[in-house]
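Contents: one structure, followed by commentary.
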Amino acid sequence: MNRADLLSKAAELIDGQRAKDYGDAAENFGNVAQGWSVILGQEVLPEQVALLMTWLKICRLTKSLNHIDSWIDSAGYIALGAEIATEKTA
């Protein structure tokens, strides 16, 4: 898969089926952040959720470099995290 196809597939997922399945990413990541904040005893931000989920995918890739879904999901999480973080500063 080339980079344009990978990024296109990530966009298709985060703007399509995943959005339908899980709702607004900022709201969903905010809910995850609230739960993780309680568990960890410190504030977790929605954009940090995106970073941590990306890290999860990267860790999985270290065991299976050719697993295309993890590459696609990583790109999607990074895009969503960037959107959430930059909307706060806009």
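In what follows, residues are counted from 1 in the order of the sequence shown. Just so we're clear, the structure is a prediction, and the values are computed from it rather than from any experiment.
In terms of heavy atoms, Pro46 sits closest to Gly30 at CG-CA, 3.8 Å. Nearest heavy-atom pair across Ser70 and Lys57 is O-CB, 3.9 Å. Summarising the geometry of Ala50 relative to Tyr77, their closest heavy-atom pair is CB-O, 3.5 Å, with the distance given to 0.1 Å. Between Leu7 and Ala75 the shortest heavy-atom distance is CD2-CB, 4.1 Å. For the residue pair Ser37 and Val44, the shortest heavy atom distance occurs at OG-N, 2.8 Å. Shortest non-hydrogen contact noted between Leu45 and Ala33 is C-CB, 3.8 Å.
Rounded to the nearest 0.5 Å, atoms NZ (Lys9) and CD1 (Ile72) are 6.5 Å apart. Ser8 OG to Arg3 CZ: the interatomic distance, rounded to the nearest 0.5 Å, is 14.5 Å. Interatomic distance, CD of Glu12 versus CG of Asp15, reported as 9.5 Å (0.5 Å rounding). The CG atom of Asp73 sits 9.5 Å away from atom OG1 of Thr54, with the distance rounded to the nearest 0.5 Å. To the nearest 0.5 angstrom, Gln48 atom CD is 7.5 Å from Glu43 atom CD. Here the CG-CE distance, from Leu6 to Met1, works out to 6.0 Å after rounding to the nearest 0.5 Å.
Judged by distance alone, with hydrogens and angles left aside, the side-chain atoms of Ser64 form no donor-acceptor pair with the main-chain N or O of Leu61 at under 3.5 Å.
Ionic pairing of Asp69 and Arg60 is not present here: no N-O contact between side-chain nitrogen and carboxylate oxygen is shorter than 4.0 angstrom.
Note: the hydrophobic cluster containing Trp71 does not contain Leu56 (ILVMFWY, side chain heavy atoms under 4.5 Å, direct or indirect links). Under the 4.5 Å side-chain heavy-atom criterion for grouping Ile, Leu, Val, Met, Phe, Trp and Tyr, Leu40 is connected to Leu52 within one hydrophobic cluster. Taken together through direct or relayed side-chain contacts under 4.5 Å among Ile, Leu, Val, Met, Phe, Trp and Tyr, Trp36 and Trp55 form parts of separate hydrophobic clusters. Note on Val49: it does not cluster hydrophobically with Val38, by side-chain heavy-atom contacts below 4.5 Å among ILVMFWY residues. Both Leu80 and Val32 belong to a common hydrophobic cluster when Ile, Leu, Val, Met, Phe, Trp and Tyr are linked at side-chain heavy-atom distances under 4.5 angstrom.
Side-chain polar atoms of Glu27 and Asn31 form no donor-acceptor pair below 3.5 angstrom.
Listed by chain and residue number, Asn2 satisfy the side chain to side chain donor-acceptor pair (under 3.5 Å) test with Asp5 (two or more places apart in sequence, or in another chain).
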